[in-house]
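Okay, structure first, notes after.
Heavy-atom basis, side chains included; hydrogens, waters and symmetry copies ignored. Sequential numbering from 1 along the given sequence is applied to the chain's residues.
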Amino acid sequence: MVYHNLKTLIKGIRTCKTVADERALIQQESAAIRASFREEDSYARYHNIAKLLYIHMLGSPAHFGQIECLKLVAGPRFTDKRLGYLGIMLLLDENQEVLTLVTNSLKNDLNHSNMYIVGLGLCTFANIASEEMSRDLANEIEKLLGSSNTYIRKKAALCALRIIKKVPDLTDHFIAKAKNLLTDRNHGVLLASITLVSEMCQQDENCLNEFRNAVPLLVRNMKALVTTGYSPEHDVSGITDPFLQVKVLRLLRLLGQGDVRASETMNDILAQVATNTDSTKNVGNSILYETVLAVLDIEADSGLRVMAINILGKFLSNRDNNIRYVALNTLNKVVSMDTSAVQRHRNIILDCLRDGDISIRRRALELSYALINEQNVRILVRELLAFLEVADDEFKTGMTTQISLAAERFAPNKRWHIDTVLRSLKLAGNFVREEILSAFIRLVAHTPELQAYTASKLYTALQADLSQESLTLAAVWVIGEYSEVLLEGGVIDEDQPKTATDQDVLDLLLSVLDSPYANHLIRQYVLGAITKMASRHTTTAPQQARIIDVLAQYTTNPELELQQRAVEFASLFTLGDLKVGVLERMPPPELKATVMGTVSENKPVGSTRGGKEADLLGDDITSPAPQLNGQPAQNNQDLLAEIFGSSAPAGTSPQPASSISPQPQKSNIQDILGLFDASPNPASPALAQGPSASSLGFSLPQTQVQSPVQTQTPAAVAQQPSTGPRLTPYIAYEKNELKITLTPQTSAARPGVVNIMARFQVSGTTTVTGLHFQAAVPKSQQLQMLPMSNPDVRPGATETQQMRVIAPPGSNVRLRLRVAFTFSGQVIQDQVDFSGFPPGLTGST
């Protein structure tokens, strides 16, 4: 059956009872349309194209009608052109060769006397124009931008937008016309022209500067929209043309970024919009939101910024979840700009943690992290711990991380820090990162006055709950390490101390060993803990015998790691008094800031400071001495960028560089094992690869203040020959009674490798304390550093630090040195360039 027009075809398809019937009917009709095309029936062409477009909309192939659409466009009738252009827009795209045939028809129709035919051409051009077509018809579009007809000007502006997206080089052709369009009184033309200008400003910096002169004009247009009375043609929920208002605000935001003069011009109108816009309806909220974004992006005064943040705070009280989400998302971005203004809305942000929408809870959580500072750390961490108790599992890992990092950074005292981490271990012990657990153990080791308190709390917590893995690991380690403190001081309770016997402690540890929650790592910890406990003087002989029996049982355990530990620990008991030295307390590990590469919500803890308030390294300038909870993280990229003033483009990807990790203290274990010609465990190499990198490709180690006791291994520092030429020291720094000399040493066997010994001496009678020494080299070289022997340089003493520079043979070694220290109660920071080494130090090329 042949269907003569679109209406009958639609009826026929609707009567099909199955998909197979519909497919057969479409195939039959497509064959009939092809046959009609071959007959060149101009009368039936219109109906055939209409039917073919409907078939295309149903998902069946219709590409064979492309040429017929071109024939319709070439006809004189408006109805034929309308359908032909519709077919071209649906059946063609900018990548098809047939498109070149359309260019001539478009050029003719763009010059047509009928404005509706011109409109058809403009509409088609804006949808399918390719780069080649844009170049061919750019002049016609530019001419139509000056048309007296608003209908044509509006469409021509959108075509110009398509052109500058396809061919950015043609942007200059439309600047003058775009300026004229901004003065148009027709809202449709103004909407299209502002869209065009916004795109031009985003693509070209020169255009941005050009259109900044139009800010007063845009302000007048905005003022007219805000103050005009009821206009039925443009009114939406009582607000005049909100779409145009939003477009104007977005353009003002672009033009005001980084320009104080333009920002001052628009301050008043932004304040007027923020004050007078009705916030009870969604239309008004959209305008207020764009106003807030504009205020936060331009160089607005502080009062206007506070008003913008207060609007976001008001959004948080809205019952619409979308508006609250938008507000939280925006506050997350601006919290570093004006933390105090955001802090005023802290309570309502914390209320959002209990929202039923998980996305709002997530954003509120991220914002809560950013609000933490020294003043409110107790309140906010308490709220976060309360939320941790009921939080979804997907939040818990990020929360325990952020709570621990906040406590590490802002803790008012060590006891509060320990209590906070203990609380998070109790609430979400199965969701704690290894780095956080390690930082907690470091803290306990470095806080001898609270070791009894911590061991007691962990002992009580472990008795109550064995199911939290990280809590169990921390408790087992601390109890094993400090069991004598726990047994001598008893269990510290809020009311009165309770005694604990070695049998009670051992029973608890063995119950962990047999617990269904114990995994292989926990069992390894327990074996180590009971072995250490056996070597303490507070453990009685019967309990030591029990421990030996337990170790003997595990010497045949099928799990290799447990078996190996049990065999080694059991053999220690045959060494007599030697085991006491081997199993003595571990020396406190090196204190360092806990730096997480990625956390769940991917947000930093605490507000970030930028600009002049932060120093080169991101540390507080007034606190060069090491923090008790770890040094603040360093920003190597900022340091290197300032030191060497790189001309590298901003988009340069970071280059990985190596750095020497700080050397741990030498323990008695190594001394004792040396009696048996045993070497330390090779699993702890002194030379480690660290993630110290910058976009400049420079190498900068993160220098940490270390214990005076240091060891060197051949892997870390090249062995210096016993005989050779006399080494010459070179003075690198001599100010404020501090003298730094650098002594290079090279080896002919390793050209390009320069070992440098830095020596620090005080020329006066005053001790230099808290010395931080840092160095950077050009990106063609690499730098490795060992820790300083002592950060405090006393009169008559010489402190040292080893460095190694790896440079291309034949190049000169250049260093930029930065020192920070306290001298006579005054904090001193200084920076020097050093290139005093003799040429040829790195060998010949």
Any side-chain heavy-atom pair from [X] and [Y] closer than 4.5 angstrom?
{"X": "Val550", "Y": "Leu506", "answer": "no"}
{"X": "Met785", "Y": "Gln801", "answer": "yes"}
{"X": "Phe440", "Y": "Trp477", "answer": "no"}
{"X": "Gln745", "Y": "Val754", "answer": "no"}
{"X": "Val421", "Y": "His417", "answer": "yes"}
{"X": "Val805", "Y": "Gln782", "answer": "no"}
{"X": "Ile479", "Y": "Tyr459", "answer": "yes"}
{"X": "Arg442", "Y": "Pro588", "answer": "no"}

Q: Test Thr397 against Val432 for side-chain contact (heavy atoms from CB on, under 4.5 Å), laying out the working first.
A: CA-CA 6 Å; Thr397 302; Val432 176; over 6 Å; no
Return the minimal non-hydrogen interatomic distance between [X] and [Y], and the atom names on each side.
{"X": "Leu783", "Y": "Ala775", "answer": "CD2-O, 3.5 Å"}
{"X": "Ala428", "Y": "Leu388", "answer": "CB-CD1, 3.9 Å"}
{"X": "Met399", "Y": "Ala391", "answer": "SD-CB, 4.0 Å"}
{"X": "Arg759", "Y": "Thr743", "answer": "NH1-OG1, 3.2 Å"}
{"X": "Ser368", "Y": "Ile349", "answer": "OG-CG2, 4.0 Å"}
{"X": "Leu458", "Y": "Ala474", "answer": "CD1-O, 3.9 Å"}

Before accepting this row, confirm whether a basic side-chain N of the pair [X]/[Y] lies closer than 4.0 Å to the acidic partner's carboxylate O.
{"X": "Lys396", "Y": "Asp393", "result": "yes"}
{"X": "Arg409", "Y": "Glu374", "result": "no"}
{"X": "Lys457", "Y": "Asp419", "result": "no"}
{"X": "Arg565", "Y": "Glu568", "result": "no"}
{"X": "Arg546", "Y": "Asp507", "result": "yes"}

[X] side chain to [Y] main-chain N or O, any donor-acceptor pair under 3.5 Å?
{"X": "Ser438", "Y": "Glu435", "result": "no"}
{"X": "Arg804", "Y": "Gln784", "result": "no"}
{"X": "Thr767", "Y": "Arg794", "result": "no"}
{"X": "Thr539", "Y": "Met533", "result": "yes"}
{"X": "Asp792", "Y": "Gly770", "result": "yes"}
{"X": "Thr447", "Y": "Leu450", "result": "no"}
{"X": "Asn755", "Y": "Gln802", "result": "no"}
{"X": "Asn376", "Y": "Asn373", "result": "yes"}
{"X": "Arg361", "Y": "Gly356", "result": "yes"}
{"X": "Glu799", "Y": "Ser789", "result": "no"}

Q: Check the pair Leu572, Leu578 against side-chain contact (heavy atoms from CB on, under 4.5 Å), reporting the backbone distance first and the verdict last.
A: CA-CA 8 Å; Leu572 285 175; Leu578 192 61; over 6 Å; no
Q) When you look at Glu481 and Arg585, which way does the salt bridge (Lys or Arg N to Asp or Glu O under 4.0 Å) test go after all the steps? A) CA-CA 6 Å; Glu481 197 73 15; Arg585 281 193 192 179; over 6 Å; no
Q) Quick one: which of Lys426, Arg354, Arg423 gives a salt bridge (charged side-chain N to carboxylate O under 4.0 Å, His left out) with Glu389? A)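 It is Arg423; the other options fail the test.
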Calculate, to the nearest 0.5 Å, the distance between atoms [atom1] and [atom2] belonging to [X] and [Y] respectively.
{"X": "Leu365", "Y": "Ile360", "atom1": "CG", "atom2": "CD1", "result": "13.5 Å"}
{"X": "Arg523", "Y": "Asn557", "atom1": "CZ", "atom2": "CG", "result": "8.0 Å"}
{"X": "Met586", "Y": "Lys532", "atom1": "CE", "atom2": "NZ", "result": "6.0 Å"}

Q | Stepwise side-chain contact (heavy atoms from CB on, under 4.5 Å) check, Val567 with Tyr554 | A | CA-CA 8 Å; Val567 168; Tyr554 275 87; over 6 Å; no
Q.
Assess, by modelled atom type and distance only, whether the side chains of Thr400 and Arg433 contain a donor and an acceptor separated by less than 3.5 Å.
A. no
Q: Taking atom types as modelled, find out whether Glu469 and Asn519 have a side-chain donor-acceptor pair closer than 3.5 angstrom.
A: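 Note: Glu469 and Asn519 side chains meet the donor-acceptor criterion.
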Q: Please determine if Arg362 forms a cation-pi arrangement with Phe395, meaning its NZ or CZ atom is less than 6.0 Å from the six-membered ring centre and no more than 45° off the ring axis.
A: no
Q. Does the pair Gln451 and His446 meet the rule for a side chain to side chain donor-acceptor pair (under 3.5 Å), with working shown?
A. CA-CA 9 Å; Gln451 284 169 356; His446 278 271; over 6 Å; no
Q.
Using side-chain contact (heavy atoms from CB on, under 4.5 Å), reason through Leu350 and Phe387 one step at a time and then give a plain yes or no.
A. CA-CA 9 Å; Leu350 292 174; Phe387 178 61; over 6 Å; no
Q) Can you name the one residue among Ile522, Leu527, Leu521 that meets side-chain contact (heavy atoms from CB on, under 4.5 Å) with Tyr525? A) Leu521
(Q) Would Asp502 and Arg536 count as a salt bridge (Lys or Arg N to Asp or Glu O under 4.0 Å) here? Give the steps. (A) CA-CA 10 Å; Asp502 56 347; Arg536 304 293 187 259; over 6 Å; no
Q: Assess whether atom CD of Glu449 is packed by more than 12 heavy atoms of other residues, nucleotides or ligands within 6.0 Å.
A: yes
